[in-house]
Amino acid sequence: MNTIAFAAQILAFCLLLLLFQLQATMAGDSSFTGVFDHGSHGVTLVKVDEAPRKCSSAAKKKMDDDTAPAGGAPPPKPLLVAAPCDAGEYPVVVFLHGYLAYNSFYSQLFEHVASHGFVVVGPQLYTMSGPDTTDEINSAAAVINWLAAGGLTSKLPTNVRADATKISISGHSRGGKVAFALALGHANVSLQAGAGGATIAALIAVDPVDGFAAGKQTPPPILTYRGPNSLRVPAPVMVIGTGLGGLARAAPLLPACAPPGVSHGEFYGECAAPACHLVARDYGHTDMMDDVTPGARGLATRAVCRSGGARAPMRRFVGGAMVAFVKRWVEGEPELLVCVRARPEAAPVVLSVVEFRDEAIANHSY
């Protein structure tokens with residue numbers, strides 16, 4: 001009887017241990033897959049107007065008074081800001097819109113990222129623009145420098161603070177090109193790695209586009225076509241691509257929105273480590289935008305570019321990938337990014353490419 005009782009105790013212990021391991025695994029899976037869902041923070045979404053172009057001397061004096069460290073000075077460009085409602089200090093992600101798009105087209109993406117504990121700042125760099133991106137590069141730099149000077153201090157909910165020492169730069173389409181330009185020193189940004197004070201913590205390019213085709217880049221060109229490591233960005237880089245972005249909607253009338261030769265594959269191919277490359281096979285160039293994008297430009301985001309249909313899965317993926325990447329490189333929490341690499345099937349979209357240039361990222365050996 002003693003032998004039977006002892007064996008039963010051992011069996012019960014083993015079953016209990018197995019149960020604990022199963023619960024731990026389920027908790028880990030929930031934490032990983034949860035990055036693709038709305039996070040634990042409530043989010044506020046606010047518009048912050050830019051400074052007036054012309055003003056009276058009295059108004060100018062008031063604006064000059066507002067430039068004190070209290071953060072009252074208006075930004076150089078209109079902003080759409082998503083921030084957690086809970087008190088605390090949060091890293092900043094600057095997101096640059098695509099060509100002729102409005103920053104409001106990304107409001108649901110901003111809210112997703114902010115709900116995981118980030119302040120997301122989306123400047124409206126222009127309403128009309130030609131092929132040259134120089135002006136928007138300079139405008140984006142001015143916004144980042146305004147943020148670094150504490151510009152958001154009085155624009156956020158009570159007891160919510162933006163950590164201007166931890167600013168990541170992201171951008172979609174042409175905005176992805178602008179993000180690369182900023183990181184590579186095409187404008188006077190005080191946050192570049194190696195400079196005093198804050199640094200660019202991470203760079204995330206969402207289906208970036210450098211022009212119309214290889215040899216037809218828009219100025220200033222970013223891609224060098226010199227092979228791997230030719231883009232030495234002083235920050236970790238994530239490049240997100242789309243499987244349908246390189247396909248024409250109706251050639252030659254509606255060419256591809258992310259033409260082969262100047263898009264995500266080429267950007268990743270030239271990046272130095274650490275870098276990673278994720279491609280959503282069945283989704284198009286604008287599928288991370290809001291479910292509803294109003295107006296003529298909003299209609300164009302669906303009419304001009306190939307689409308995979310419902311936007312929510314792609315938006316959840318992009319938002320979750322951004323969170324995992326910034327968590328790794330800004331907050332020192334690599335687990336989510338390691339899971340993205342190890343279990344791509346858990347993403348809400350099918351990933352046709354999962355590449356990590358720095359094996360240290362993939363193997364969780366830092």
Side-chain angles (χ1 to χ4, degrees), residues 32 35 91 93-96 113 118 144 165-172 175-186 189 191-195 198-210 214 217 220-242 258 260-280 317-318 320-344 347 351-366:
F32 167 47
V35 77
V93 178
V94 175
F95 190 95
L96 309 175
V113 176
F118 298 95
I144 292 170
T165 69
K166 297 177 179 178
I167 296 183
S168 301
I169 305 176
S170 182
H172 169 231
K177 169 192 173 104
V178 173
F180 264 96
L182 291 169
L184 291 168
H186 285 248
V189 177
L191 302 176
Q192 291 179 11
T199 63
I200 293 175
L203 169 62
I204 303 170
V206 182
D207 224 16
V209 178
D210 196 21
Q217 295 163 268
I222 301 301
L223 294 170
T224 68
Y225 301 101
R226 299 193 196 113
N229 300 322
S230 55
L231 291 180
R232 303 200 68 83
V233 176
V237 179
M238 169 179 274
V239 179
I240 297 175
T242 61
V262 288
S263 190
H264 60 91
E266 288 69 34
F267 275 95
Y268 175 73
E270 295 192 9
C271 282
C276 64
H277 183 208
L278 308 173
V279 179
F317 162 64
V318 171
M322 290 177 64
V323 169
F325 194 71
V326 180
K327 286 277 189 184
R328 160 52 184 118
W329 291 107
V330 175
E331 301 192 324
E333 300 175 11
E335 293 81 10
L336 292 175
L337 188 60
V338 170
C339 287
V340 169
R341 192 265 179 182
R343 296 187 50 210
L351 298 179
S352 57
V353 175
V354 179
E355 298 179 292
F356 282 74
R357 178 143 295 155
D358 186 350
E359 287 301 314
I361 304 175
N363 294 332
H364 195 171
S365 57
Y366 299 92

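All residue numbers refer to positions in the sequence shown, counting from 1.
- Residues Ile200 and Val233 form no side-chain contact, since every pair of their non-hydrogen atoms from C-beta on lies 4.5 Å or further apart.
- Scored by the side chain to side chain donor-acceptor pair (under 3.5 Å) test, Glu333 finds no partners at all (sequence neighbours excluded).
- Using a distance-only test at 3.5 Å, with no hydrogens or angles considered, a donor-acceptor pair links the side chain of Arg357 to the main chain of Tyr268.
- When all heavy atoms of Ser230 and Thr224 are compared, the closest pair comes out as OG-OG1, 2.9 Å.
- To the nearest 0.5 angstrom, Glu266 atom CD is 11.0 Å from Leu231 atom CG.
- Under a 3.5 Å cut-off, the side chain of Asp207 and the backbone N or O of Thr242 do form a donor-acceptor pair.
- Within the model, atoms CZ of Arg343 and CG of Leu351 stand 12.5 Å from one another, a figure rounded to the nearest 0.5 Å.
- Pairs passing the salt bridge (Lys or Arg N to Asp or Glu O under 4.0 Å) check and including a residue from residues 176-186, sequence neighbours excluded, read Lys177-Asp210.
- To the nearest 0.5 angstrom, Cys276 atom SG is 11.0 Å from Arg341 atom CZ.
- For the atom pair CD1 (Ile167) and CD1 (Ile144), the distance works out to 7.0 Å, reported to the nearest 0.5 Å.
- With rounding to the nearest 0.5 Å, the separation of CG in Leu203 from CE in Met238 is 11.0 Å.
- The two residues Ala183 and Pro234 make their nearest non-hydrogen contact at O-CD, 3.2 Å.
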Worksheet item: Can you list the steps and then say if Leu182 with Val94 is a side-chain contact (heavy atoms from CB on, under 4.5 Å)?
Response: CA-CA 12 Å; Leu182 291 169; Val94 175; over 6 Å; no

Practice prompt. Decide side-chain contact (heavy atoms from CB on, under 4.5 Å) for Tyr225 and Gln217; before the verdict, give the C-alpha distance in whole Å, the side-chain angles of both, and the deciding distance to 0.1 Å.
Written response: CA-CA 11 Å; Tyr225 301 101; Gln217 295 163 268; 3.3 Å; yes

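- For Val353, the side-chain contact (heavy atoms from CB on, under 4.5 Å) partners are His277, Val279, Glu355, not counting sequence neighbours.
- Put simply, the side chain of Leu223 does not reach to within 4.5 Å of the side chain of Phe180, judged on heavy atoms.
- Summarising the geometry of Ala324 relative to Val35, their closest heavy-atom pair is N-CG2, 4.2 Å, with the distance given to 0.1 Å.
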Discussion item. Would Val206 and Ser170 count as a side-chain contact (heavy atoms from CB on, under 4.5 Å) here? Give the steps.
Written reply: CA-CA 7 Å; Val206 182; Ser170 182; 4.3 Å; yes

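- Ala214 and Gly261 make their closest contact through CB-O, 4.2 Å (heavy atoms, listed as atom of the first residue, atom of the second, distance).
- Taken from CD in Glu270 to CD1 in Ile222, the straight-line distance is 10.0 Å, to the nearest 0.5 Å.
- Closest approach of Met322 to Val93, counting heavy atoms only: CE-CG1, 4.0 Å.
- No side-chain donor-acceptor contact under 3.5 Å links Ser263 to the backbone of Pro260.
- Contacts of Glu331 classified as salt bridge (Lys or Arg N to Asp or Glu O under 4.0 Å), with partners at least two apart in sequence or in another chain: Lys327.
- The side-chain contact (heavy atoms from CB on, under 4.5 Å) test applied to Pro228 returns no partner, not counting sequence neighbours.
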Fill in: side-chain contact (heavy atoms from CB on, under 4.5 Å) assessment of Phe325 paired with Val340
CA-CA 9 Å; Phe325 194 71; Val340 169; over 6 Å; no

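- When all heavy atoms of Trp329 and Ala201 are compared, the closest pair comes out as CB-O, 4.0 Å.
- Contacts of Phe95 classified as ring-ring contact (aromatic ring centres under 6.0 Å, His included), with partners at least two apart in sequence or in another chain: Tyr106, Phe110.
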